[in-house]
Amino acid sequence: FIKSTETSGYNFPPGPRPLPIIGNLNILNMTMPQETLHKLSEKYGNVYTFHMGPIKHLVLTGYEAVKEALINQADVFGDRGETVWHNKTSSGDGIIFGRGESWKTMRRFTLSTLRDFGMGKRSVESRITEECQKLIEVFKSHKGQPFDPKIIINSAVSNVICSIVFGDRFDYEDPQFLYLQIILNENIQLVTSPQMQLYNIYPFMALFLPVEKQATKNIIDYRKFFKSVYHKRKDIVDSNDLRSLVDTFISRQKEEEVKNSTTYFNERNMIVVSSNLFAAGTETTSTTLRWALLLMMKYPEVQEKVHREIDNVIGKERCPQFEDRKNMPYTDAVLHEIQRFSNVVPMNLLHQTAADTTFRGYRIPKGTPVIPLLTSVLYDKTQWATPHQFNPSHFLDTQGRFVKRDAFLPFSAGRRACLGENLAKMELFLFFTMLMQKFVFRPRSGVTLDQLDLSPTPGVTSAPKPYDLCAVIQ
Ligand code: HEM
């Protein structure tokens, strides 16, 4: 246990005593780091220092500390944390690892384009419902027999992003589409693997860490695809008929080139932004949907109540609309609880201080990496009645009305909060209610509810273990 560490006028909060070179890595569960970091807050408090190798990280745990940093000091805690690998592959372009004015411009452009303006006549909502109808056909084709829904849910969710970004969906069997999914999934594993964490701390070890080479090769392959889409559209975009985010970007690029200004609307940003959206928008939402179906099987009484509300508010025939959500407090509460309980981005993405600051009495220098630990907010025992239990009442009052909760932060908060939050909420509601309207979900015969495992697999996104389900037509 070290007392606050003092270096040239700065003082960091206490934390576990670091060893030379490796810092605190000896006590970090490298496959489930969120568990170690959450546990350490019991001993060191809600704000403490953790040494990743020689690098001091400020760990923020619990709703109050995370809110104080990301919301009350939004500018100071709103920079994206840098890692050696992301610096090498993104160099500050795009959104997720974007920096400075370029990041601001790309984030603003993407948010306003996603808001449905600038993408022609087809609304985002209709893109989602059309895709879900295709997904329902695949579920039906299994005729109530057990199947693993992972790949097909991933493809459907990914197609929503494809439709928005490129203006087109892919056939579920398209080899190029499947290849993109495979390398994306592989990189999600590789980027958070213990080997990659070692590379980011000790880059000189690259020779002994093959994971870094593989992940870089994947990202180059992956971006080739986005580059080819951009080149196909570049010369044929009609500014009166913009069909996608890529079209809107190209049209904006042409406008800016006329003004002859130095513009962030360039080829490099287009490629990184579209690959960022494809990556960020696929895995998180599809993982949440897989949790949703698993939880419905595990808690048939909750599933039954959702079915009843759908029957009452929408009926069996009409296609659900996002508008219906306000009349469906129980389903809304269930979806919120699914997101809270499944905690799909447990570590959050790394932040970094943009300036010197004082936080809870500690003087923290500019450039300090910050971990606003989402798992500790979504499972904060001062905020939730039964943090470790799936319990839709967390979002309901005694009259059964939906209640907003401040500590519901699966999308994080502040300047860097998830840019796809509204899109993700619309997708989750429409996919979930459309599937639930058509099917009852049950485990394969012989599997008891106790045998359905709710423990997550390791990775940047916390996913359920592979499972089979039976989708029985209602
Ligand atoms: C960032 C969660 C869906 C695009 C993030 C962050 C979280 C998150 C925790 C990091 C925020 C931070 O650094 O403080 C989720 C969850 C989703 C989801 C739980 C679904 C259930 C989406 C979708 C898109 C998207 C559908 C696509 C439009 C992004 C982008 C960023 C981001 C571009 C980086 C923002 C920036 O650095 O400025 N998301 N996300 N996300 N998300 Fe999402």
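When a ligand or atom number is given, it counts from 1 through the structure's own listing order. Count residues from 1 along the sequence.
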A.B. asks: Could you walk me through whether Tyr172 and Asn159 pass the side chain to side chain contact (heavy atoms under 4.5 Å, CB included) check?
C.D. replies: CA-CA 9 Å; Tyr172 291 144; Asn159 258 337; 3.5 Å; yes

A.B. asks: Evaluate Glu427 for polar contact with ligand 1, using N/O atom pairs at a separation under 3.5 Å.
C.D. replies: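 No - when backbone and side-chain N and O of Glu427 are compared with those of ligand 1, no distance drops under 3.5 Å.
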
A.B. asks: Could you tell me if any non-hydrogen atom of Lys425 lies under 4.0 Å from any atom of ligand 1?
C.D. replies: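 In this structure, Lys425 fails to qualify as a contact of ligand 1 - no heavy atom is under 4.0 Å.
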
A.B. asks: In terms of atom number and element, which parts of ligand 1 are under 4.0 angstrom from non-hydrogen atoms of Leu349?
C.D. replies: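 Near Leu349, meaning under 4.0 Å from one of its heavy atoms, ligand 1 has 10 (C), 13 (O).
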
A.B. asks: Is the contact between Arg107 and ligand 1 made by the side chain, the backbone, both, or neither, using heavy atoms and a 4.0 Å cut-off?
C.D. replies: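 The side chain, only.
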
A.B. asks: How does Asn348 reach ligand 1, by side chain, by backbone, by both or by neither, if only non-hydrogen atoms under 4.0 Å count?
C.D. replies: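 Only the side chain of Asn348 comes within reach of ligand 1.
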
A.B. asks: Run the numbers on Glu131 and Arg127 for salt bridge (Lys or Arg N to Asp or Glu O under 4.0 Å), then give the verdict.
C.D. replies: CA-CA 6 Å; Glu131 193 58 45; Arg127 291 171 207 245; over 6 Å; no

A.B. asks: Just which atoms of ligand 1 are under 4.0 Å from any heavy atom in Val344?
C.D. replies: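 That gives atoms 19 (C) of ligand 1.
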
A.B. asks: Nearest non-hydrogen contact with atom 24 (C) of ligand 1 belongs to which option: Gly414, Gly420, Pro346?
C.D. replies: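 Looking at heavy atoms only, Gly420 sits closest to atom 24 (C) of ligand 1.
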
A.B. asks: Could Arg80 and Trp103 be counted as a cation-pi pair, given that NZ or CZ must be under 6.0 Å from the ring centre and within 45° of the axis?
C.D. replies: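 That pair does not qualify as a cation-pi contact.
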
A.B. asks: Below 4.0 Å from ligand 1: does a non-hydrogen atom of Ile96 turn up there or not?
C.D. replies: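 Per 4.0 Å heavy-atom rule, Ile96 contacts ligand 1.
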
A.B. asks: So which of Ser412, Gly98, Pro372 gets nearest to atom 14 (O) of ligand 1, if we judge by its closest heavy atom?
C.D. replies: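 That would be Ser412.
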
A.B. asks: Which atoms of ligand 1 sit under 4.0 Å from any heavy atom of Ala424?
C.D. replies: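 Atoms satisfying the 4.0 Å criterion: 3 (C), 20 (C).
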
A.B. asks: Judged on heavy-atom distance to atom 5 (C) of ligand 1, which of Gly94, Cys418, Pro410 sits nearest?
C.D. replies: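 Closest candidate by heavy-atom distance is Cys418.
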
A.B. asks: Does ligand 1 have any atom sitting under 4.0 Å from a heavy atom of Thr287?
C.D. replies: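 Contact check Thr287 vs ligand 1: negative.
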
A.B. asks: I want to know if ligand 1 touches Arg416 in the polar sense, i.e. an N/O pair below 3.5 angstrom.
C.D. replies: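 By distance alone, the answer is yes.
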
A.B. asks: Before giving the answer on side chain to side chain contact (heavy atoms under 4.5 Å, CB included), spell out for Val334 and Met296 the whole-Å C-alpha distance, their side-chain angles and the decisive distance to 0.1 Å.
C.D. replies: CA-CA 10 Å; Val334 167; Met296 289 305 97; 3.8 Å; yes

A.B. asks: Taking N or O atoms only and a 3.5 Å limit, does His351 qualify as a polar contact for ligand 1?
C.D. replies: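 Yes, at least one N or O pair falls under 3.5 Å.
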
A.B. asks: Report the part of Leu374 in contact with ligand 1, treating N, CA, C, O as backbone and CB onward as side chain, heavy atoms under 4.0 Å; options are side chain, backbone, both, neither.
C.D. replies: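 The answer is the side chain of Leu374.
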
A.B. asks: With heavy-atom distances below 4.0 Å as the criterion, list the atoms of ligand 1 near Gln339.
C.D. replies: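 Near Gln339, the atoms of ligand 1 are 21 (C).
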
A.B. asks: In a check of ring-ring contact (aromatic ring centres under 6.0 Å, His included) between Phe177 and each of Phe166, Phe225, Phe170, which one passes?
C.D. replies: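 The single option meeting the ring-ring contact (aromatic ring centres under 6.0 Å, His included) with Phe177 is Phe170.
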
A.B. asks: Would you indicate whether the side-chain heavy atoms of Lys134 and Val138 approach each other to under 4.5 Å?
C.D. replies: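 No, side chains not in contact.
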
A.B. asks: What atoms in ligand 1 come closer than 4.0 Å to a heavy atom of Thr288?
C.D. replies: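 Near Thr288, meaning under 4.0 Å from one of its heavy atoms, ligand 1 has 21 (C).
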
A.B. asks: Return yes when Trp103 approaches ligand 1 closer than 4.0 angstrom through a heavy atom, no otherwise.
C.D. replies: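 It does, in that a heavy atom of Trp103 comes within the 4.0 Å cut-off of ligand 1.
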
A.B. asks: Taking 4.0 angstrom as the limit and counting only heavy atoms of Leu277, give me the atoms of ligand 1 inside it, by number and element.
C.D. replies: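 So the atoms of ligand 1 that pass are 28 (C).
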
A.B. asks: Mind checking whether Phe147 and Phe139 have ring centres under 6.0 Å apart?
C.D. replies: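 Judged by ring-centre distance (under 6.0 Å), Phe147 and Phe139 do meet the cut-off.
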
A.B. asks: Between Lys326 and Asp324 (salt bridge meaning N to carboxylate O under 4.0 Å), is one present in this structure?
C.D. replies: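 No.
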
A.B. asks: Which residue supplies the protein heavy atom nearest to atom 29 (C) of ligand 1, what is that atom called, and how far is it?
C.D. replies: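 For atom 29 (C) of ligand 1, the nearest protein heavy atom comes out as Ala280 CB, 3.6 Å.
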
A.B. asks: Please state whether Arg415 comes within less than 4.0 angstrom of ligand 1, counting heavy atoms only.
C.D. replies: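 Judged by the 4.0 Å heavy-atom criterion, Arg415 does not count as contacting ligand 1.
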
A.B. asks: For ligand 1, indicate whether the residue Ile95 contacts it via side chain, backbone, both or neither (heavy-atom separation under 4.0 Å).
C.D. replies: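 Near ligand 1, Ile95 shows its backbone as well as its side chain.
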
A.B. asks: Restricting to non-hydrogen atoms, name the atom on Phe431 and the atom on Ala156 that form the minimum distance, rounded to 0.1 Å.
C.D. replies: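 Here Phe431 and Ala156 meet closest at CE2-CB, 4.1 Å.
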
A.B. asks: Just checking His388 against Phe341, ring centres under 6.0 Å apart?
C.D. replies: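 When the ring centroids of His388 and Phe341 are compared, they turn out to be at least 6.0 Å apart.
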
A.B. asks: For atom 26 (C) of ligand 1, which protein heavy atom lies nearest, and how many Å away is it?
C.D. replies: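 Result for atom 26 (C) of ligand 1: Gly281 CA, 3.5 Å.
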
A.B. asks: Within the distance-only criterion (no hydrogens, no angle test), does the side chain of Glu309 pair as donor or acceptor with the backbone N or O of Tyr330 below 3.5 angstrom?
C.D. replies: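 Such a contact is found between Glu309 side chain and Tyr330 backbone.
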
A.B. asks: Do we get Arg416 above Phe77's six-membered ring, with its NZ or CZ under 6.0 Å from the centre and within 45° of the axis?
C.D. replies: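 Arg416 over Phe77 ring: no.
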
A.B. asks: Looking only at protein heavy atoms, which one is nearest to atom 18 (C) of ligand 1, and what is the separation?
C.D. replies: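 Going atom by atom, the protein heavy atom closest to atom 18 (C) of ligand 1 ends up being Thr284 OG1, 3.3 Å.
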
A.B. asks: In terms of side-chain geometry, is the basic nitrogen of Glu130 or Arg169 positioned less than 4.0 Å from the acidic oxygen of its partner?
C.D. replies: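 Here Glu130 does not pair with Arg169 in a salt bridge, since their nearest N and O are not under 4.0 Å apart.
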
A.B. asks: Angle class for the His336/Phe395 ring planes (parallel below 30°, perpendicular above 60°, tilted otherwise)?
C.D. replies: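 Plane angle between 30° and 60°, so tilted.
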
